[in-house]
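So you know, we letter chains A, B, ... as the sequences are listed, proteins then strands, and number each from 1. The analysis underlying the following values was restricted to heavy atoms, covering all of them including side chains, and did not include hydrogens, waters or symmetry mates.
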Amino acid sequence: SQQGEEDPQALSIQEGENATMNCSYKTSINNLQWYRQNSGRGLVHLILIRSNEREKHSGRLRVTLDTSKKSSSLLITASRAADTASYFCATDETSGSRLTFGEGTQLTVNP
Amino acid sequence: DTAVSQTPKYLVTQMGNDKSIKCEQNLGHDTMYWYKQDSKKFLKIMFSYNNKELIINETVPNRFSPKSPDKAHLNLHINSLELGDSAVYFCASSQRGRGDYEQYFGPGTRLTVT
């Protein structure tokens, strides 16, 4: 099974609302990254959080990491229609030398 | 300037054919990757090269052969294409071949095998 599993698989909200996506993983990690993929495009890096960090902010993005629960969340505040995309978490496992991507959450922000 | 570029963007071909996808990065990165994204958007790494040296080779059929002529280029050649090869293939690069560096992705190549 995959390292990263995301929840929910799909999320539909209204513009201005907050969107929260969750990622769970199974093994020990060095860091966790979040990426966005717009339809028909490549992935774009959003934020990286290291295993010794609990929370990180970047603009309207807030990422938390709970290594005891092996989970992370991505919060997008005051969402915009342009935030409509798929969001993926990716883990850098301590045992490996690559990123393992989750299944993604499809976020739709309705204007 | 495009950081990571791939050609072609779309590739439609018949079963049994051989095809290549090219990738170039102008970021000066040491490491390049090929990923396959299936119809459910699951992204799986296929290969990784660091300074032209193969460092990751997942369990991919040997019909797939990567080639890195220099550290700015990583091409993917696929022999005897099968229906199950239909997917979107992404090239990516990172400054170093470690998971604590962000990866920069190309726009993808949508391969359709008929």
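- With no hydrogens or angles considered, no side-chain donor-acceptor pair links B:T31 and B:Q95 at under 3.5 Å.
- For a residue to count as touching a neighbouring chain, one of its non-hydrogen atoms must lie under 4.5 Å from one of that chain's; by this rule B:Y33 does not touch chain A.
- Only the side chain of A:L48 comes within less than 4.5 Å of a heavy atom in chain B; its backbone stays farther off.
- Looking at B:Q37, the atoms closer than 4.5 Å to chain A (heavy atoms on both sides) all sit in the side chain, from C-beta outward.
- For the atom pair A:N110 CG and A:E15 CD, the distance stands at 9.0 Å (nearest 0.5 Å).
- Residues A:F101 and A:Y35 are in side-chain contact: their nearest non-hydrogen atoms beyond the backbone lie under 4.5 Å apart.
- For chain A, the nearby part of B:K9 is the side chain; its heavy atoms alone come within less than 4.5 Å.
- A salt bridge links A:R60 with A:D83: at least one charged nitrogen is closer than 4.0 Å to a carboxylate oxygen.
- When heavy atoms are compared at a cutoff of 4.5 Å, B:Y89 does not approach chain A at all.
- Ion pairing between a basic and an acidic side chain is recognised when a charged N comes within 4.0 Å of a carboxylate O; A:D66 and A:R54 show no such pairing.
- Heavy atoms closer than 4.5 Å to chain B are found in the side chain of A:Q106, but not in its backbone.
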